[in-house]
Amino acid sequence: MKVVLQNLTKIFPSRNKKSNEEVVAVNNFNFEIPDGKLIGLLGPSGCGKSTTLYMISGLLKPSSGKIFFGDDDVTELSTENRGIGLVFQNYALYPHMTVKQNIMFPLENLKGADRPSKEQMLERAYEAAKLVQIEQLLDRKPSELSGGQQQRVAIARALVKMPRVLLLDEPLSNLDARLRLQTREEIRRIQKETGITTIFVTHDQEEAMSISDYIVVMKSGLVQQIGAPQEVYDDPANLFVARFLGTPPINVFTGKIKGGKVYLGDQAVLDVGNLPDQEVYVGIRPEGFIVDENGPMICQLQDVEVMGHATSILTTHEASMNPIIRTLKDSDGPNQFKDGVVRYSIKPHKIFLFKHDETEERIRVEVK
Amino acid sequence: MVESKQQWKAWLYLAPAIVLLLVFTVWPIINTVVMAFMEDYSGLASIGGETSFRIGLGNFTKVAQNADFQSALRNTMLLCLITVPVSTVLALLIAVALHAIKPLQKALQTIFFLPYVTNSIAIGMVFAAMFNVIGSVGTRRPLISSYGIINDVIRFFGGNWVNWINSGSDYWANMFVLIVYIVWNALPFKILILLGGLTSINKQYYEAAKVDSTPRWRVLWRITVPLLSPMLAYVIITGFIAGFKEYTSIVGIYGESMGPVHAPHRLNTMVGLIYDSLASNNQGRASAAALILFGIILVVTLINLWVSKKRVHY
């Protein structure tokens, strides 16, 4: 089922009666989510990603705009009638019911011809449990399960009625780091097996990048960029997106374009052809630095962190906006640097220029 | 751990409370148990009169054989078995409804809470006035100047008036008035507890139920009631205990005669019986009756706890 969001907007009235300041939680969101894909809504807290999810679920009413499931306009449809599955951040499993009862609960609510027989219900509950690999836990209570198991039960409960769309609100935030890795792969597997269009919300860019078909990066209610994870990473639309994606994060410098060259301080690091002279922000991905004795960029060495599979070099530079520049290189080769100075040349496709104004928009460069 | 040298300080600080508890709670309880086994004992006799008494179970047999005892036990049981379920169900429905509305919630909450802060004797007298028929009711040609508000309402809808509480009234009419009064009086506390319980239930359970298109009655029965079960158990257990101690409501409506004019003591309860024994200077029998009541409450509470072990989800 494809999901279409048309000019979706949510405005919360001011809580304070004195000031009439409204909060625009989601501002004019347009997106057509293709059928059977996994979409990650990504952004810092307060960016409107959960609000968007809850509008799709119907638990929140949009202030304006429309939502379509396939060709059906569901904007005015209440949650009950949308046929969605929703996994809450803290799972909201009914504590007094066993896992089996929890999973069967949505089926027992079906009416008329849709209502399966008791045996069918049991069978479907078992199938859903098997899909998320908790079939041996069916008679336990939620309080007797670990966080990861509860998460699976919640997904099974959302899936058992074969929803048109599956929504997950911060599905991994309550899990420890290791379980998070494992569960996100599980979510990906389950989504692929069922083929249900799935939308999930996260503030963790790594999580979103690793499993999504598409990511939607949001900030202050505005969609910043939509695209496949690698696309967005390699071609950020603005400085915010560039900064938000990637670990370690991108290194940002204040620089300027003069005579067709980008300068960091007095070091020309990139040819940009005929772009007009101006002040710019320069973002360089950590993996975009090549240690090069004759490189144009000269940094002062602070420290070397060995990670085994890679080495990260910490340096400083007068034009850097962060106190420390973190660069990545593979672990081959020596890590010795003369006189506390590291010289880099820069991979041209790993360096991004942004306008030095409040839009911080990308300045596109023809890389030759 | 408090060091032993410091312990006297702890006892010192606890002393006022302990002394009061010993004098006014522990000693009376012990004394009650002792007195219950002292036959023909009179508290007043010990001042100067007869001090002879025998030790035995005579008080218990006398209480049990007392004609009033059986009717008091039956009245108490009936009131408990009817008012506790009725008031609990009503309180649950009202609490859920109150919780669901936003406008006027506080105002309605206050109105429902009023009986709790009003003197029960005063409420009883108002109830008596509402059901009271003024005039010669029992005579062949009744001359009636007022039927009371409740009868006025019944007559307005074309019904026949009922002799609720006056001379010649029916036992069940008497009980009906009592039940209405007790249920109404018991509601506020229950509503308050259940409303508190409702606010502490995570709203996401209801959102999850909504996503799964759960019908309302099913949300109430499968989600709200189980999640409220600790509060419900508390309300039911305390309801039974209060029910077994029912006394003021009857005094409030029927006065100290504990029944309509033509049949005094007909509505007597266990606690009423204890007071009667005390009034007739029979502390031994009063103590025995108190112990019997204690035993009944203990048994009922144990049954309640046993049931709630299966039905309550903490």
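Each chain gets a letter, A, B and so on, in the order the sequences are listed, and its residues count up from 1.
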Point to revise | Stepwise side-chain contact (heavy atoms from CB on, under 4.5 Å) check, A:Leu137 with A:Ile134 | key: CA-CA 5 Å; A:Leu137 304 173; A:Ile134 47 153; 3.8 Å; yes
**Study point:** Option in B:Pro215, B:Ala209, B:Ala208 with maximal non-hydrogen atom pairs under 4.5 Å from chain A
**Key:** B:Ala208
Check your understanding: Quick one: of A:Pro163, A:Pro106, A:Ala154, A:Ala158, who has the most non-hydrogen atom pairs under 4.5 Å with chain B?
Key -> A:Pro106
Review point. Taking everything shown except A:Phe12 itself, do over 12 heavy atoms lie less than 6.0 Å from its CZ?
Key: yes
Point to revise | Heavy-atom closest pair, residues B:Leu108 and B:Leu98 | key: CB-CD2, 3.6 Å
Exercise for review: Determine, stepwise, if the pair A:Ile155 / A:Leu168 fulfils side-chain contact (heavy atoms from CB on, under 4.5 Å).
Suggested key: CA-CA 9 Å; A:Ile155 294 177; A:Leu168 305 138; 4.2 Å; yes
Practice item. Name the region of A:Leu86, side chain, backbone, both or neither, that has any atom closer than 4.5 Å to a heavy atom of chain B. Key: both
Practice item. Determine the minimum heavy-atom distance between B:Val84 and B:Ile236, stating which atoms define it. Key: CG1-O, 4.1 Å
Study note, to complete from the structure: From the list B:Leu81, B:Thr301, B:Thr83, side chain to side chain contact (heavy atoms under 4.5 Å, CB included) with B:Phe240 holds only for B:Leu81
Study note, to complete from the structure: Only residue of A:Val160, A:Ile103, A:Leu107, A:Leu110 satisfying side chain to side chain contact (heavy atoms under 4.5 Å, CB included) with A:Met121 is A:Leu107
With 3.5 Å as the limit, can you list every donor-acceptor pair between chain B and chain A, backbone and side chains included?
from, atom 1, to, atom 2, distance (Å)
B:Ala209, N, A:Tyr94, OH, 3.3
B:Val211, O, A:Lys161, NZ, 2.8
B:Asp212, O, A:Asn109, ND2, 3.0
B:Asp212, OD1, A:Lys161, NZ, 3.1
B:Ser213, OG, A:Glu80, O, 3.2
B:Thr214, OG1, A:Asn109, ND2, 3.0
B:Arg218, NE, A:Asn109, OD1, 2.6
B:Arg218, NH2, A:Glu108, OE1, 3.1
B:Arg218, NH2, A:Asn109, OD1, 3.4
B:Arg222, O, A:His96, NE2, 2.6
B:Arg222, NH1, A:Glu108, OE1, 3.2

